[in-house]
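This structure is a prediction, so every number in the text was calculated from the model and none was measured. Chain letters run A, B, ... following the sequence lines, proteins first, then strands; residues in each count from 1.
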Amino acid sequence: MAMRIRNSASRGTMMSRQISGLRSMSSWWKNVEPAPKDPILGVTEAFLADPSPDKVNVGVGAYRDDNGKPVVLECVREAERRIAGTSFMEYLPMGGSVKMVDETLKLAYGDNSEFIKDKRIAAVQSLSGTGACRLFADFQKRFRPDSQIYIPVPTWSNHHNIWRDAQVTQKTYHYYHPETKGLDFSGLMDDVKNAPEGSFFLLHACAHNPTGVDPTEEQWREISQLFKAKNHFAFFDMAYQGFASGDPARDAKSIRIFLEDGHHIGISQSYAKNMGLYGQRVGCLSVLCEDEKQAVTVKSQLQQLARPMYSNPPLHGAQIVSTILGDPALKGLWLKEVKVMADRIIGMRTALRESLEKLGSPLSWEHVTKQIGMFCYSGMTPEQVDRLTSEYHIYMTRNGRISMAGVTTGNVGYLANAIHEVTKSS
Amino acid sequence: MKTNDFSSSSSSSPSDRRIGALLRHLTAGTDADRVSSVFASPTSGGAGGSVFAHLVQAPEDAILGVTIAYNKDPSPIKLNLGVGAYRTEEGKPLVLNVVRKAEQQLINDRSRIKEYLPIVGLVEFNKLSAKLILGADSPAIRENRVTTVECLSGTGSLRVGGEFLARHYHQKTIYIPQPTWGNHPKIFTLAGLSVKTYRYYDPSTRGLNFQGLLEDLGAAPQGSIVLLHACAHNPTGVDPTLEQWEQIRKLMRSKGLMPFFDSAYQGFASGSLDTDAKPIRMFVADGGELLVAQSYAKNMGLYGERVGALSIVCKAADVAGRVESQLKLVIRPMYSNPPIHGASIVAVILRDKNLFNEWTLELKAMADRIISMRKQLFEALRARGTPGDWTHIIKQIGMFTFTGLNPAQVSYMTKEYHIYMTSDGRISMAGLSSKTVPHLADAIHAVVTKAL
């Protein structure tokens with residue numbers, strides 16, 4: 001009996017050794033280092049993990065209403081009601097929804113744009129702003145391999161990742177002036193002037209992320225003239241059209257100036273914020289070309305880059321956009337709702353600044369109302385931000401960027417007090 | 001924009017004066033022509049022309065281009081057997097009942113918001129997808145050794161996996177079967193891997209070249225990556241038997257070859273989700289590591305919503321954690337986070353027992369219809385006495401049949417019979433119906449009996 005048990009035990013051991021023989025080999029991935037957390041998206045992760053009832057999330061740029069709740073626009077809900085049950089969910093073409101792209105170009109280039117009439121714009125639906133920037137960066141690498149991209153300091157941190165992964169050489173240009181908490185215009189113009197002729201520049205069309213500092217219209221005209229003199233290529237990242245001033249046409253002014261001045265530009269557009277379609281990943285990449293033939297050519301090459309990345313873009317978000325922009329009543333509703341969002345943010349800027357001034361802060365907080373869009377570059381140091389998080393459970397990115405969309409009448413007092421406490425001795 | 005003399009300081013605005021000063025600074029020492037060219041008319045397109053003027057037009061995608069050509073054809077008898085999208089007996093696209101139910105559920109839930117998903121996607125979707133492909137009782141899942149990230153359908157899962165391998169795996173070569181889906185080599189090349197092939201299809205038998213496969217994988221350098229179609233090989237429809245899979249597994253493990261499964265047809269091939277996942281599960285059962293790209297485009301009919309998942313099975317839980325963190329670094333600069341809609345539909349269906357069961361029935365119905373089309377086409381060719389052995393039509397499995405027709409024959413069928421397919425002779429059985437089988441059989445009969 002004992003013998004039998006011993007035999008079957010050893011047979012079992014032999015079998016498990018055969019299988020575990022593989023287990024004893026080490027993993028192919030043992031040298032994989034843990035990656036650092038994304039500086040922006042990691043903030044929300046930390047916020048969610050915090051059990052404190054006082055916690056405030058002014059990290060990621062996602063709009064909140066005055067109750068601190070995420071918002072689905074009414075025009076979006078209505079569009080979804082119309083779409084549900086009707087869609088066949090077939091593949092879109094590689095370039096995405098033609099209808100959605102056509103409507104989107106009107107927003108950027110103007111309803112009556114001659115460039116749209118003349119079919120000079122190569123445009124494809126993209127995976128929101130990130131996807132548009134990445135497609136353009138890959139396109140730039142493939143067809144202008146010796147070019148580099150000039151990126152403002154500071155900028156959305158993912159811009160650096162995008163052009164790096166596309167293997168395009170990066171340079172930077174002066175943008176933010178810490179002393180004035182405004183634009184370093186002469187630094188910017190110097191860098192534009194000193195860049196080699198024909199350089200590629202990344203410009204934030206409006207509501208610069210993270211600083212909220214935009215050039216004035218006059219300054220945009222001067223930048224455009226200098227670009228002409230230097231033959232630079234302007235690539236606009238427009239993620240906040242409508243969100244900055246409440247008026248989409250006004251927010252596209254920088255682009256319109258460049259178009260008037262004859263530049264052949266590229267544009268990344270996103271519906272993440274201005275239509276609240278964040279998770280749907282809906283956007284558009286466009287490149288203005290010399291003529292229709294070239295636009296067809298460029299579009300065909302953009303599609304060649306999209307096909308091995310995701311084949312064709314997702315349908316649902318594009319359907320929502322087409323439904324809204326294609327219906328005058330829904331479009332009117334959307335424009336109203338965008339203005340409400342922009343106005344609430346402008347109101348919170350005023351409230352935050354006034355609260356800080358009332359608390360007797362020794363610092364100037366003028367920049368809170370001068371800056372525009374979703375973000376306020378507070379000027380706080382990483383150490384001060386860390387104190388806000390550890391002592392007050394207030395979450396923001398360590399560059400001192402406050403997402404004003406996360407500020408409410410309910411928390412603005414608490415926020416102002418905390419900011420005052422950590423900055424009053426500086 | 002009118003031409004101004006910016007050098008004069010009278011009656012000009014501050015910005016005009018600034019521009020004037022700037023221009024004088026820039027153009028000091030140059031001739032007047034260069035200065036005046038800055039003020040060329042607004043639509044002149046700038047002094048240098050387009051920076052992309054040197055581009056040539058890219059060719060149409062071979063597969064998606066078929067549908068474009070089909071759409072342009074005015075013939076009433078045209079037949080689209082190109083892209084692999086399921087069609088009903090009436091030739092219509094199909095949205096599954098369970099998908100419509102899930103859609104309704106999502107619409108009715110007013111608490112749903114459209115916020116960004118995490119970089120890894122919808123977490124519940126990821127867990128359910130891993131269970132679907134690896135099996136609910138998979139030891140790898142139980143031991144937390146799997147990391148799953150939501151990606152843009154099969155294409156996106158392959159691309160993210162490829163980029164991860166190019167960065168972190170010690171071997172940068174991937175072996176893909178000959179032939180394979182046309183987009184595979186492009187995906188892996190752009191991901192940063194170098195692409196080689198292994199023998200797969202045997203034109204003389206219209207079946208698997210198993211000897212060639214074993215030889216080529218046996219000759220591959222230690223540690224090379226190998227792309228495997230989990231079931232319903234695209235474009236040939238030729239799959240290894242389970243015994244052959246076991247031999248492949250043994251060989252690959254002995255050479256440390258890294259399996260990268262492309263699972264685009266789970267449930268669609270045989271009608272059974274578990275049967276179609278068997279090859280993958282065999283590899284997981286031996287405790288080794290692998291990658292698998294899953295698509296819900298066909299088996300849930302979610303094509304345009306771009307829903308898929310990449311799973312990496314690792315040796316240990318902490319390794320899986322680190323791998324996931326690195327996958328996020330690939331995804332963030334590509335599209336930040338994946339789309340929410342399609343993944344939400346899948347999660348609703350997979351988490352609900354009734355919806356899940358209903359889905360398996362709808363899936364089986366689609367698979368059965370395709371199997372029936374195979375039988376009908378085979379019978380139709382036999383009835384016409386079409387020369388040649390056409391048994392491969394009923395032996396091959398999944399959405400596609402590799403007819404064995406050559407590009408000249410395909411071209412003839414398109415011109416004379418308005419039948420659209422890819423030039424490699426691949427036809428999508430899902431595009432056939434009882435009504436159109438005779439038309440296709442006539443066309444095949446015609447080209448085979450002609451001297452082309």
Value rounded to 0.5 Å, distance of [atom1] in [X] from [atom2] in [Y]:
| X | Y | atom1 | atom2 | value |
| --- | --- | --- | --- | --- |
| A/Tyr278 | B/Ile340 | OH | CD1 | 12.5 Å |
| B/Arg332 | A/Thr130 | CZ | OG1 | 6.0 Å |
| A/Leu135 | B/Tyr335 | CG | OH | 13.0 Å |
| B/Ser336 | A/Arg134 | OG | CZ | 11.0 Å |
| A/Phe88 | B/Lys92 | CZ | NZ | 8.0 Å |
| A/Asn312 | B/Leu152 | CG | CG | 9.5 Å |

Chain A contact via [X] - which portion, at a heavy-atom distance below 4.5 Å:
| X | answer |
| --- | --- |
| B/Ile107 | side chain |
| B/Leu106 | neither |
| B/Leu190 | side chain |
| B/Ser153 | neither |
| B/Arg110 | both |
| B/Ile345 | side chain |
| B/Glu305 | both |
| B/Glu163 | side chain |
| B/Pro338 | backbone |
| B/Val99 | side chain |

Taking every non-hydrogen atom, the tightest pair across [X] and [Y]:
| X | Y | answer |
| --- | --- | --- |
| A/Pro70 | B/Ile113 | CG-CD1, 3.6 Å |
| B/Ala58 | A/Gln304 | CB-CG, 3.3 Å |
| A/Ala84 | B/Gln104 | CB-OE1, 4.5 Å |
| A/Asp138 | B/Arg159 | OD2-NH2, 4.5 Å |
| B/Val330 | A/Asp165 | O-OD2, 4.4 Å |

Note to self: side chain to side chain contact (heavy atoms under 4.5 Å, CB included), that's the test. Do B/Glu103 and A/Met89 meet it? Break it down for me.
What the structure shows: CA-CA 12 Å; B/Glu103 268 193 310; A/Met89 296 175 189; 3.4 Å; yes
Looking at [options], which has the largest count of heavy-atom pairs under 4.5 Å with chain B?
| options | result |
| --- | --- |
| A/Tyr63, A/Phe139, A/Trp163 | A/Phe139 |
| A/Glu80, A/Arg77, A/Met94 | A/Arg77 |
| A/Thr297, A/Val298, A/Val71 | A/Thr297 |

Contact origin within [X] toward chain B - heavy atom pairs under 4.5 Å:
| X | answer |
| --- | --- |
| A/Pro93 | neither |
| A/Thr86 | backbone |
| A/Val72 | side chain |
| A/Val76 | side chain |
| A/Val287 | side chain |
| A/Phe227 | neither |
| A/Phe233 | side chain |
| A/Glu45 | side chain |

Check: Can A/Arg281 and B/Asn337 be counted as having a side-chain donor-acceptor contact under 3.5 angstrom?
Finding: yes
Next item on the list: Please determine if B/Glu115 and A/Lys69 form a salt bridge, counting it only when a charged side-chain N lies under 4.0 Å from a carboxylate O.
Entry: no
Next item on the list: Indicate yes or no: does B/Lys298 engage A/Glu90 in a salt bridge with an N to O separation below 4.0 Å.
Entry: no
So do the side chains of [X] and [Y] get within less than 4.5 Å of each other, counting heavy atoms only?
| X | Y | value |
| --- | --- | --- |
| A/Gln280 | B/Pro339 | no |
| B/Arg306 | A/Pro313 | no |
| B/Thr155 | A/Met309 | no |

Margin query: Check the orientation of A/His316 and B/His341. Use parallel for under 30°, tilted for 30 to 60°, and perpendicular for over 60°.
Written below: parallel
